[in-house]
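Report on the following structure.
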Number of protein chains: 2
Amino acid sequence: MAPEGRYHHGDLRRAVLAAAVEAIEERGLGLLSLRDVARRAGVSHTAPVHHFGDKAGMLTALATEGFDLLAQALDPGDGETIDLVDAGVIYVQFAVDHRAHFEVMFRPDLHHPDEPALAVARDRAGDLLTNAVVAATDTPPGQQTELASVAAWSLVHGFATLWLAGALPEQIGQDLQGSARSVAKLLFSVVHRSDT
Amino acid sequence: MAPEGRYHHGDLRRAVLAAAVEAIEERGLGLLSLRDVARRAGVSHTAPVHHFGDKAGMLTALATEGFDLLAQALDPGDGETIDLVDAGVIYVQFAVDHRAHFEVMFRPDLHHPDEPALAVARDRAGDLLTNAVVAATDTPPGQQTELASVAAWSLVHGFATLWLAGALPEQIGQDLQGSARSVAKLLFSVVHRSDT
DNA sequence: CGCTAATCTTACCATCGTTAAGATCAGATC
DNA sequence: GATCTGATCTTAACGATGGTAAGATTAGCG
């Protein structure tokens, strides 16, 4: 990936983010070291500074990339809205497939709080989720819809988070796909009862 | 709290855990420093080693204490089972009131994986949640009940986690109590629809 | 009182994140 | 093609961190 022996890497920003994902998946977010990331990318430990400023900047960029990937996975394109259950399954699948991204996305204590790109990416993904709820409820957006969206998001987010934490019983983990779909089907109950 | 000027602290284990909670609430789990915790407790930076072994040991103890506190909050005593909605509200309230504990509880990458006390405390809290679901569903425990429990837990856990991450809309945060109760009421839909 | 184990401190080491200074290089301009 | 300029990367250094080793202090118990 990295051109060997060259002073200028060529695409260090991307390489650093990829190395960070690799490091987080191997040793966990808590043990992430910027120097280790730089080593994996084959550059000196201060090279990432120029692209990200500091460690928090790198994690902010990683979180932004994560929200972009999630939005991309949730967006069927052509201005259409995704089915609610499908959206739920995709959300869980994303958390599992992009564990490193997902963990960083919801750790604002590790971010630069005032990074506009992060807010933009997060809002885009959030809007796609809300749209799926609105389409499923078939009622005009309002305060009830907002609560329904929050509840729906909470359900799939909680499921994904608990699975990542290894807190779910073994049976669930053995058939994660099926369990995720079963849980996602409950989104209908959550969304339709939330107006009572 | 700490007896001044004494060589032996007297209750350093408790003091260190309390200092860790304080430090996490102030600066976030990601920036937690063992030396800072020791400073807050008024001891040298290696004093906690004797009680916890290392940083992961301290966080494992903190997570265990968290599960114990949660179980205590969910246990009405006298062998009775708690109401499902009440349990949901209590869960969210616990996460907010004991933010530091809660965050550590679900970060197994920061724990000693084979600590028995942690597993015991976690299972006790988990059983209390499952009991509340079983009592509400009114059906014998089985695979469906397990899925219902997971879904119910996911809903409140996701809500709490998203709130802690600052990811929920402002309206929710302004009336967290009310929103938490509204979400907890949805537990009935989740639990009763999960057998279809 | 005296012994022992628990508790805590000081000294030290490798590693970490960050900053400052300088080296190297890509691309634009002439 | 030569030169200049800014972007990119490295080396060097600093304070802080987590962990280990050795020793000091003291509580509990005979």
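Which of D/dT20, D/dT8, C/dG17 sits closest to the side chain of A/His51 comes down to D/dT8. Comparing C/dT10, C/dT19, D/dT11 against the side chain of A/Ser44 picks out D/dT11 as the nearest.
Ring centroid separation for the pair B/Phe106 and B/His111 does not come in under the 6.0 Å cut-off.
The base of C/dT10 is paired with the side chain of B/Thr46 by a donor and an acceptor separated by under 3.5 Å.
Contacts with DNA chain C (heavy atom under 4.0 Å) in residues 24-37 of chain A: A/Leu32, A/Ser33, A/Leu34, A/Arg35, listed by number. Residues of residues 100-113 of chain A that place a heavy atom closer than 4.0 Å to DNA chain C do not occur.
Between B/Leu12 atom CG and D/dT25 atom P the separation is 19 Å, expressed in whole Å. When rounded to the nearest whole Å, the span between CZ of A/Arg14 and C1' of D/dT8 equals 17 Å. In this structure, the NZ atom of A/Lys55 is 11 Å from the C1' atom of D/dT17, given to the nearest Å.
A donor-acceptor pair under 3.5 Å is formed between the side chain of A/His192 and the backbone N or O of A/Phe188.
Across all strands, A/His45 comes closer than 4.0 Å to base atoms (heavy-atom distances).
The CG atom of B/Leu34 sits 7.5 Å away from the CG atom of B/Leu32 when rounded to the nearest 0.5 Å.
In this structure, B/His50 does not reach the C/dC8 phosphate: none of its side-chain N or O atoms is under 4.0 Å from OP1 or OP2. Under 4.0 angstrom from either OP1 or OP2 of D/dA16 there lies no side-chain N or O belonging to B/Arg39.
Residues that satisfy the side chain to side chain contact (heavy atoms under 4.5 Å, CB included) test with B/Ser182, not counting sequence neighbours, are A/Leu147. Legend: residues meeting side chain to side chain donor-acceptor pair (under 3.5 Å) with A/His51, ordered by chain and number and at least two apart, are absent. Legend: residues meeting side chain to side chain donor-acceptor pair (under 3.5 Å) with A/His98, ordered by chain and number and at least two apart, are absent.
With hydrogens and angles left out, the side-chain atoms of B/His45 and B/Asp36 include no donor and acceptor closer than 3.5 Å.
Residue pairs meeting the side chain to side chain donor-acceptor pair (under 3.5 Å) criterion with at least one partner in residues 56-81 of chain B, sequence neighbours excluded, are B/Glu65-B/His101.
A continuous path of ILVMFWY side-chain contacts below 4.5 Å connects B/Trp153 to A/Ile172, so both sit in one hydrophobic cluster.
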